[in-house]
Novice: 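Starting off with a structure, shown below.
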Amino acid sequence: MVHSQSDDIQAAAHFRPAPAHVVAAVASLYKNRLKPFGRILIKRVGELAADITANGAHCVSTAEGFIPRIDSKHLLRICRQCPQLRVEDLDYGEYAAVLVGWPPAFVDIDSTDDPYPQDLWVDLRAYFDGPADSHPPLPGSRYNSARALKARNLPCLQDLCLGEVCHVLALAVSQKKVLGHSRGHIVPYRRSENGRKTFCAGMALPVNGGKLVSSGLVVATWAQLTQGLQELLADSSDKGASGIPIPNVKRLFRSRLGLELSETALGHLRVQDLLQDARLRSVCEIRRQGAKNNFVVVGRPAAPPDEGAPSTLPGAVLHYEAPVRKVEPTCKHAPPSPGPCRESGQPVWISPTLLESIWPRS
């Protein structure tokens with residue numbers, strides 16, 4: 001019988017650590033000031049058990065070597081049965097396994113407070129603006145990224161525990177714009193997806209300019225956005241819907257109106273922020289709806305007409321037709337079809353390699 005790699009993976013999924021290993025893993029997370037959530041505990045158990053399976057059995061290859069695959073159901077069962085541990089059940093199937101009688105001293109890695117000195121951020125930004133390019137990108141997981149960054153022995157992070165490094169990474173992404181995400185990794189902000197969006201929003205350019213040129217879609221202007229939203233929301237209301245889910249807005253602009261809705265071309269990083277712009281305040285608003293509190297965009301009631309103004313039939317919707325403007329290319333090679341235009345009506349030719357040359361991907 002031939003032994004396949006899938007057999008190894010299936011066997012790896014059944015690796016079952018002893019209770020002593022689980023307790024030791026939880027205690028080590030206390031030392032790192034990381035609360036032992038199930039998603040973190042399963043990684044730490046694998047790390048501590050790696051020497052038991054040093055020959056590679058029951059292991060999978062990762063960026064850090066061979067780590068045992070842990071049976072998650074077995075791990076939770078051990079946590080519930082072990083008298084030294086107490087399981088706290090959390091939302092969405094998550095849990096935390098804490099040590100009985102041990103005071104919690106965990107770092108709140110999701111806190112927006114910044115207790116770190118300004119020098120730390122200066123040094124960290126200087127590192128990711130240059131020397132970090134000689135290293136591989138950090139993993140997408142905050143825990144794995146903190147371990148990888150801690151292993152680089154940066155002077156600005158030497159006195160911080162692993163929990164604090166996790167918190168620093170969270171702030172570096174969410175507030176400081178030192179880091180960002182790109183293709184499943186944490187990278188310097190200038191090379192991240194949000195970094196590209198920030199650049200494009202500042203220049204009033206769509207992120208995917210090259211694709212737009214080849215597709216022939218016209219980028220929606222503020223006037224087209226306003227009128228298009230009114231038509232889509234009126235149609236949604238006529239069908240009995242309570243609003244349009246935000247992820248569907250761009251798709252409906254393409255399929256129904258033949259327009260590309262680019263939030264960066266209109267100066268915003270997110271569609272949600274764009275729809276909350278003051279210029280759309282009389283057109284729509286954002287609400288949470290449904291059991292999952294999803295964001296939807298709903299229409300605002302029309303203002304009462306002025307006295308003497310001509311009235312329209314209730315519920316009447318003006319037909320909208322997106323204008324297509326001819327684009328005169330300003331580069332060497334002409335585009336195959338009409339491209340995006342500015343609100344002023346001036347043509348904009350965006351070379352497929354423009355953003356790549358200014359803002360290289362990681």
Side-chain angles (χ1 to χ4, degrees), residues 180-184 192-201 203-300 315 317-325 327 335-343 348 350 352 354-356 361:
H181 295 278
S182 178
R183 300 181 180 181
S192 69
E193 294 164 4
N194 278 347
R196 286 175 64 87
K197 281 192 168 186
T198 299
F199 173 80
C200 291
M203 300 292 291
L205 294 172
V207 173
N208 55 345
K211 292 182 180 179
L212 287 177
V213 170
S214 60
S215 69
L217 289 175
V218 176
V219 178
T221 64
W222 278 107
Q224 293 168 335
L225 170 60
T226 301
Q227 191 171 354
L229 276 175
Q230 290 172 335
E231 179 177 339
L232 294 175
L233 290 169
D235 182 67
S236 173
S237 178
D238 291 343
K239 293 179 179 179
S242 56
I244 302 175
I246 287 183
N248 293 350
V249 173
K250 297 183 77 168
R251 177 180 60 80
L252 289 174
F253 263 79
R254 294 190 196 102
S255 61
R256 294 282 307 280
L257 307 178
L259 291 169
E260 178 66 25
L261 178 57
S262 170
E263 61 273 27
T264 57
L266 298 174
H268 289 277
L269 300 184
R270 302 186 307 166
V271 174
Q272 181 174 333
D273 298 331
L274 171 64
L275 296 176
Q276 292 177 305
D277 190 285
R279 283 165 281 193
L280 299 177
R281 190 170 297 164
S282 62
V283 177
C284 64
E285 62 179 327
I286 303 298
R287 294 179 185 172
R288 286 184 177 272
Q289 290 184 358
K292 295 184 179 180
N293 267 340
N294 293 327
F295 286 105
V296 298
V297 55
V298 298
R300 288 186 182 272
V317 179
L318 296 176
H319 178 67
Y320 177 80
E321 188 170 326
V324 178
R325 304 187 183 102
V327 175
S337 56
C341 297
R342 296 190 187 277
E343 187 172 1
V348 176
I350 302 175
L354 173 62
L355 292 182
E356 195 67 31
R361 293 181 181 272

Novice: Using every non-hydrogen atom in the two residues, find where Pro206 and Ala265 come nearest and quote the distance to one decimal.
Specialist: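 It is N-CB, 4.0 Å.
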Novice: With a 3.5 Å cut-off and sequence neighbours excluded, list the donor-acceptor pairs that the side chains of residues 289-298 form with protein atoms.
Specialist:
| residue | atom | partner | partner atom | Å |
| --- | --- | --- | --- | --- |
| Gln289 | OE1 | Ser242 | OG | 2.8 |
| Gln289 | NE2 | Ser242 | O | 3.3 |

Novice: Nearest 0.5 Å, please: how far is CZ in Arg287 from CD1 in Ile246?
Specialist: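 These two atoms lie 12.5 Å from each other.
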Novice: Applying side chain to side chain donor-acceptor pair (under 3.5 Å), can you list everything that pairs with Thr198, at least two apart in sequence or on another chain?
Specialist: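 Here the qualifying residues are Tyr189.
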Novice: CG of Leu275 to CZ of Arg281: how many Å apart, nearest 0.5 Å?
Specialist: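 Leu275 atom CG to Arg281 atom CZ measures 13.5 Å (nearest 0.5 Å).
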Novice: Could you tell me the separation between the CG atom of Leu257 and the CD atom of Glu231, rounded to the nearest 0.5 Å?
Specialist: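 It comes to 5.5 Å.
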Novice: Does Asn208 form a side chain to side chain contact (heavy atoms under 4.5 Å, CB included) with Glu260? I'd like the steps, not just the answer.
Specialist: CA-CA 10 Å; Asn208 55 345; Glu260 178 66 25; 4.1 Å; yes
Novice: Can you confirm whether Asn194 sits close enough to His181 that some side-chain heavy atom of one is under 4.5 Å from a side-chain heavy atom of the other?
Specialist: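 They are not in side-chain contact.
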Novice: Report yes if the side chains of Lys197 and Glu263 come closer than 4.5 Å at any heavy-atom pair, otherwise no.
Specialist: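 Lys197 reaches Glu263 side chain to side chain.
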Novice: Just how far is it from atom CG of Asp273 to atom CG of Leu266, taken to the nearest 0.5 Å?
Specialist: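 Between Asp273 CG and Leu266 CG, I get 12.5 Å after rounding to 0.5 Å.
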Novice: Provide the closest heavy-atom pair for Phe253 versus Gln224 in the form atom of the first, atom of the second, distance.
Specialist: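 Nearest pair, atom of Phe253 first, then Gln224: CE2-O, 4.2 Å.
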Novice: Between atom CG of Leu261 and atom CG of Leu229, what is the distance when rounded to the nearest 0.5 Å?
Specialist: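 Here the rounded value is 7.5 Å.
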Novice: Return yes if some donor-acceptor pair links the side-chain N/O of Ser236 with the main-chain N/O of Leu232 below 3.5 Å, else return no.
Specialist: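 It does not hold such a pair.
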Novice: About how many Å separate OG of Ser262 and NZ of Lys250, when rounded to the nearest 0.5 Å?
Specialist: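 Reported value, rounded in 0.5 Å steps: 6.0 Å.
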Novice: Would you check, one step at a time, whether the test side chain to side chain contact (heavy atoms under 4.5 Å, CB included) holds for Arg254 with Leu217?
Specialist: CA-CA 8 Å; Arg254 294 190 196 102; Leu217 289 175; 4.2 Å; yes
Novice: Can you check side chain to side chain contact (heavy atoms under 4.5 Å, CB included) on Thr226 and Leu280, steps first, answer last?
Specialist: CA-CA 7 Å; Thr226 301; Leu280 299 177; 3.6 Å; yes
Novice: If I compare all heavy atoms of Ser182 with all of Ser192, which pair ends up nearest, and what's the gap?
Specialist: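 Minimum heavy-atom separation between Ser182 and Ser192: CB-CA, 4.1 Å.
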Novice: When you measure from the side chain of Thr264 to the backbone N and O of Leu205, does any donor-acceptor pair fall under 3.5 Å?
Specialist: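 Here the side-chain-to-backbone pair exists.
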